[in-house]
Amino acid sequence: MNSDATENTAAPMDRHSELNPPQRDAVTTLSGPLLVLAGAGTGKTRVITARTAELIRSGIAADRILCVTFTNKAAREMQGRIAAQLGGGRRAQKPWVSTFHSLCVRILRQEITALGYPLTFSICDRRDQESIARTALRDIRVGDKTMRPGDLVNRISRWKSAGVTPDTATAHTENDLDFLSAVAFRKYQIALKTSAAVDFDDLLLLTNQLFCEFPDVLSRQQQRFDHVLVDEYQDTNTSQFQIIESLVREHDNLCVVGDDDQSIYGWRGAEVEHILGFQSHFPGAKVVRLEDNYRCTAEILDLANRLVRHNRGRHDKKLIPHKTSGEAVRFAEFPDEVSEAENVVREIKYLVNELEVSIGDIAILFRTNEQPRLFETELRRSKLNYILMGGQSFFDRREIRDMLAYLKAIAQPKDEVSLLRIINTPARGIGNSTVEKLLERSVRQRAGMWDVIPVAIAQKEISAKAGAALGKFQQLLNRYREQFQRAPHDMARIAHQLMDEIDYEGEIQKQYKDPQQQIMRSEMLDQFIESINEYVKRSDHPSLAGYLEDAALEGRDEESDQEKELEQNALKLMTLHSAKGLEFPRVYMVGMEENLLPHRRSIDGDDSQIAEERRLAYVGITRAKDHLTLCRAASRKKFGKSRPSLPSRFLFEMRSDSESAIAT
DNA sequence: AAGGAGGGTTTTTTT
DNA sequence: AACCCTCCTT
């Protein structure tokens with residue numbers, strides 16, 4: 001009805017004096033452990049930033065304050081908000097705002113070098129992990145049971161974040177699957193080690209290990225920070241908890257902010273127990289509850305409250321709406337997923353073109369990454385601007401991964417994962433059989449790939465031709481290694497030269513027949529060179545390893561102003577997971593069906609997994625400020641086949657009254 | 001060794 | 001429907 005997007009009617013809280021009483025309480029409690037239980041839309045990030053600013057005003061040096069976030073995006077945003085809070089005069093003062101992983105890398109780099117060891121590991125990203133997992137699983141099979149690499153990586157990640165090693169994992173197997181994964185876990189760890197690589201979880205584990213084994217390292221790090229603040233505390237896993245606990249042990253000046261109802265990362269090792277048990281971990285902790293919601297209309301909030309009431313074992317809180325009522329939440333049903341996309345997009349087109357709704361105010365949220373495709377097609381057809389957030393990132397594209405693998409193999413000669421990726425891309429006469437033989441020998445001799453080549457040639461295991469190709473390839477890598485070392489400021493140019501020398505463009509022409517694809521891929525490569533350029537510009541001591549580290553931790557580098565503008569004028573397509581922490585005037589939650597939300601794989605699991613899916617739905621609903629539409633399709637295609645799709649159980653739970661809630 | 005055809009598998013969520 | 005893997009031909 002109301003055609004123009006409702007402006008920020010919310011939260012009169014930008015000024016400190018306009019904080020509501022509990023918020024002010026949280027902001028001005030400056031020492032000791034503090035738990036801020038903040039429901040959705042209650043201004044929790046604002047409390048963190050205001051509190052940080054308050055600490056600085058009270059005389060704490062900014063660089064003795066550490067704010068920890070989970071994503072780089074959140075870190076950047078927080079940095080900006082704190083700067084805004086402090087105003088111009090204190091612009092020079094910047095607290096440390098960092099993700100767990102960047103924090104750990106910084107600590108490791110600093111301290112390991114200080115201990116006199118060379119720091120030469122490379123960081124594996126998710127794709128690398130999966131490819132290691134794939135080889136680890138290759139000849140492991142129990143009966144006909146096999147495991148997908150992605151599942152293994154998740155399992156290993158959960159183990160690692162809980163401090164489980166391959167040894168302890170093997171000791172506690174209860175079934176074949178456990179045993180299978182424990183064996184693969186060991187192989188995975190060995191592969192990482194021989195590649196001189198660490199994964200994301202190792203960064204945290206190594207930091208903890210460093211703290212345990214070198215007390216002076218720990219105390220040095222403890223003395224760096226007088227205050228630590230953690231956002232989204234419900235998502236901390238055990239190693240993250242340990243790091244935080246170690247850092248604040250001496251002074252307990254720890255402020256954590258979170259909402260147990262928004263814990264949606266249990267599958268990767270997050271433990272709600274950390275937020276539920278905060279007061280027993282940190283005796284004497286003060287607890288502040290923020291229950292005044294300034295974001296959602298009463299109708300939206302009512303729905304969210306009703307849904308989440310079906311979960312047990314939560315801090316009971318009730319969000320109080322502070323917005324005048326809006327329109328009713330809408331429920332829509334369509335015959336199939338194509339029609340769902342068509343209709344949602346048609347409505348959006350109408351809103352934007354006829355009612356002058358700003359397209360940047362609209363978001364479509366979904367459970368899985370396969371869902372947005374249809375919406376993309378429809379949006380493009382309707383000539384509506386959109387961005388797919390968090391999807392296939394820049395560094396996930398095949399050509400970028402290939403180039404990165406080159407750089408990694410150059411930076412770290414031991415990195416066999418990267419080496420294997422590019423050893424014959426573009427084709428240079430080193431075929432599968434050659435690689436197989438080398439791999440086999442390297443496992444047998446427990447030596448690196450490069451080390452076994454001379455023997456393999458001497459034994460006539462591989463052809464002279466392949467041997468020559470290998471020699472030439474090694475020379476290429478060595479030559480570039482030297483060049484990158486000699487002129488790190490020239491990295492972008494050297495990388496470009498490398499690309500030309502291996503004729504990667506030619507490879508693209510060969511691989512993709514479609515000329516449009518070819519153009520797009522080439523553009524990607526240009527952007528890749530550009531991203532190196534930007535790295536060199538912003539860093540004091542650029543190095544190849546430094547660039548690769550950034551690429552692994554940051555994903556895409558900071559958005560330019562241009563991109564920010566683009567983002568503002570585009571509809572957002574994103575998963576429920578990546579929507580956490582954001583808000584939009586208009587939200588469409590699509591695919592509200594059994595097997596999708598809750599997802600099939602959590603239905604098969606235990607109750608706690610359904611509860612997590614329920615929280616996911618809760619997160620989605622509470623992203624909406626004014627308008628919310630919940631959509632479902634009566635049938636949906638899966639693996640190319642159309643099958644009937646039932647409405648999500650959550651739809652019934654939201655609409656029914658408390659009886660069923662009590663029954664659970 | 002390279003390229004292409006055909007067959008089988010896949011889709012949770014992410015720092 | 002898209003992707004990956006394997007096998008087959010050259």
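In the text below, chain A, chain B and the rest are named by the order of the sequence lines, each starting its count at 1. Predicted model, so just to flag it, every value in this text is computed and none were measured.
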For the residue pair A:Asn311 and A:Tyr618, confirm or rule out a side-chain donor-acceptor distance under 3.5 Å. no
Go through the side-chain N and O atoms of A:Asp415 and A:Gln412 and say whether any donor and acceptor fall under 3.5 Å apart. no
Please determine, for the side chain of [X], which listed nucleotide ([options]) has the closest atom?
X        : options                : result
A:His577 : B:dA2, B:dA1, B:dT13   : B:dT13
A:Asn369 : B:dT14, C:dC5, B:dA2   : B:dT14
A:Thr434 : B:dT14, C:dC5, B:dA1   : B:dA1
A:Thr71  : B:dT15, B:dT13, B:dT11 : B:dT15
A:Arg373 : B:dT14, B:dA2, C:dA2   : C:dA2

Phosphate OP1/OP2 of [N] contacted by [X] side-chain N/O (<4.0 Å):
X        : N      : answer
A:Asn237 : B:dT15 : no
A:Ser157 : B:dT14 : no
A:Thr575 : B:dT14 : yes

With nearest nucleotides of DNA chain B determined for A:Gln129 and A:Asn424 from heavy-atom distances, which residue corresponds to the more 5′ nucleotide? A:Asn424
Show your reasoning for whether side-chain contact (heavy atoms from CB on, under 4.5 Å) applies to A:Ile275 and A:Val256. CA-CA 8 Å; A:Ile275 196 165; A:Val256 303; 5.5 Å; no
What is the distance, rounded to the nearest whole Å, between atom [atom1] of [X] and atom [atom2] of [N]?
X        : N      : atom1 : atom2 : answer
A:Lys73  : B:dT15 : NZ    : P     : 11 Å
A:Leu374 : B:dT11 : CG    : C1'   : 14 Å
A:Phe366 : B:dT13 : CZ    : P     : 10 Å
A:Arg398 : C:dA2  : CZ    : P     : 16 Å
A:Lys638 : B:dT9  : NZ    : P     : 16 Å
A:Arg615 : B:dT13 : CZ    : C1'   : 13 Å
A:Ile430 : B:dA2  : CD1   : C1'   : 14 Å
A:Met589 : B:dT13 : CE    : C1'   : 14 Å

Report yes if some heavy atom in the side chain of A:Phe70 is under 4.5 Å from a heavy atom in the side chain of A:Thr236; otherwise report no. yes
According to the 5.5 Å centroid and 30° plane-angle thresholds, does A:Trp267 stack upon the nucleobase of B:dT13? yes
Using the C1' atom in both, what is the distance from B:dT13 to C:dC4, to the nearest Å? 23 Å
Touch class at under 4.0 angstrom, heavy-atom based, for A:Phe200 against every strand present: base
Sugar-phosphate only, base, or nothing, as touched by A:Asp201 at under 4.0 Å among non-hydrogen atoms: nothing
Does the side-chain contact (heavy atoms from CB on, under 4.5 Å) test come out yes or no for A:Arg632 and A:Ser645, once each step is laid out? CA-CA 9 Å; A:Arg632 73 179 188 90; A:Ser645 205; over 6 Å; no
Sequence-distant partners of A:Arg601, side chain to side chain donor-acceptor pair (under 3.5 Å), two or more places apart: A:Asp151
